[in-house]
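Residues: numbered from 1 along the sequence shown.
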Amino acid sequence: MKRILYMVLRNILLVPFMWIRLCYHASHVEKYTEEQHYKMLKFIVRRANKGGNVTIKIYGQENIPTESGFMFFPNHQGLYDVLAIVAACPKPFSVVAKQEVAHIQFLKQVFACMKAYMLDRDDVRQAMKVIANVSKEVMEGRNYIIFAEGTRSKNGNEVQEFKGGSFKAATRAKCPIVPVALIDAFKPFDTNSISPVTVQVHFLKPLYYEEYKDMKTTEIAALVKGRVQKTIQKYS
């Protein structure tokens, strides 16, 4: 977590203003449009990256669907993952995150601005409600991220199993599924270093409903994982 402190120190004059603004947005979510929230978050992430010696390299932006109502499925490396995709993606999105991160300061406010869903993995009924709500919102034109591994990898750029259940919201919404390969996204917040780091964000070719409508969710999960894993092996 040294890098977070470094980010703060190198933006010390801006931090109080941006923290107040972030907290205000988080406490008055309905006062702003999704685009206004996202513009503010991108500014904060951009300044944090500059102060923290984090460089984002973006690949495959042309693979992001032109129309909203899609879902990203990245590998899960660390606490920085969502911020990396915020830095790389020009379109607003929300996220389904595990309940355990709901009380981490800064992430708590960021997720509030994104109107994110916090998933209790021990509560099946709540999980089913989240899936139903997300699929409904995607059909209405919102974009989402779900981490199909369920928990972040402890082995850097190694990819864990993608769980089939994570794709239920996408199949119900019949929306484009966009695999995302994150490389070295664990380094900013999950290592005890402030050395310059480059995080790669690869937006891969989307899967459209016509391509996966006859597949089981476990088969979709294996296909998406395979594409992500192949990209990581190629570029890491």
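Under the 3.5 Å distance criterion, the side-chain polar atoms of Ser153 are matched with a main-chain donor or acceptor of Glu158. With hydrogens and angles ignored, the 3.5 Å screen pairs no side-chain donor or acceptor of Glu149 with any backbone N or O of Val159. Although no hydrogens or angles enter the test, the distance criterion places a donor-acceptor pair under 3.5 Å between the side chain of Ser94 and the main chain of Met114. Using a distance-only test at 3.5 Å, with no hydrogens or angles considered, a donor-acceptor pair links the side chain of Asp190 to the main chain of Leu79.
Each of Phe73, Phe72, Tyr59 was scored for a ring-ring contact (aromatic ring centres under 6.0 Å, His included) with Phe203, with one residue passing: Phe72. When each of Lys225, Lys168, Met215 is checked for a side chain to side chain contact (heavy atoms under 4.5 Å, CB included) with Ile220, only Met215 meets the rule. Under the side chain to side chain contact (heavy atoms under 4.5 Å, CB included) rule, Tyr80 has a single partner from Ile4, Asn49, Val197, Leu182, which is Asn49.
Using a 3.5 Å distance cut-off with no hydrogens or angles, the side chains of Thr191 and Ser193 do not pair a donor with an acceptor.
In plain terms, the two heavy atoms of Ser236 and Ile183 that are nearest each other are CB-CG2, 3.8 Å. Residue Pro92 comes nearest to Asn143 through the heavy atom pair O-ND2, 3.0 Å, listed as atom of the first residue, atom of the second, then distance. Closest non-hydrogen pair, Asp120 versus Gln126, comes out as N-OE1, 3.0 Å. Closest heavy-atom contact between Pro74 and Ile85: CG-CD1, 3.9 Å. Summarising the geometry of Ala26 relative to Cys113, their closest heavy-atom pair is N-SG, 3.6 Å, with the distance given to 0.1 Å. Val178 and Pro65 make their closest contact through CG2-CD, 3.7 Å (heavy atoms, listed as atom of the first residue, atom of the second, distance).
At a threshold of 4.0 Å, the pair Glu210-Lys213 counts as salt-bridged, since one of the basic side-chain nitrogens sits closer than that to a carboxylate oxygen. Using a 4.0 Å cut-off between charged nitrogen and carboxylate oxygen, Glu137 and Lys115 do not count as a salt-bridge pair. Taking the charged nitrogens against the carboxylate oxygens, Glu35 and Lys39 have no contact shorter than 4.0 Å, which rules out a salt bridge.
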**Message:** Show, in sequence, the C-alpha distance, side-chain angles and deciding distance for Phe70 and Phe93, and conclude whether the side chain to side chain contact (heavy atoms under 4.5 Å, CB included) test is met.
**Reply:** CA-CA 9 Å; Phe70 56 82; Phe93 61 86; 5.8 Å; no

**Test side chain to side chain contact (heavy atoms under 4.5 Å, CB included) applied to Arg3 and Asn53, step by step** = CA-CA 8 Å; Arg3 194 178 306 272; Asn53 288 333; 4.1 Å; yes

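Note: His37 and His25 have perpendicular aromatic rings, judged against thresholds of 30 and 60 degrees for the angle between ring planes.
Within the model, atoms CG of Asn157 and NZ of Lys187 stand 7.0 Å from one another, a figure rounded to the nearest 0.5 Å.
Using a 4.5 Å heavy-atom cutoff, the side chains of Phe189 and Leu83 are in contact.
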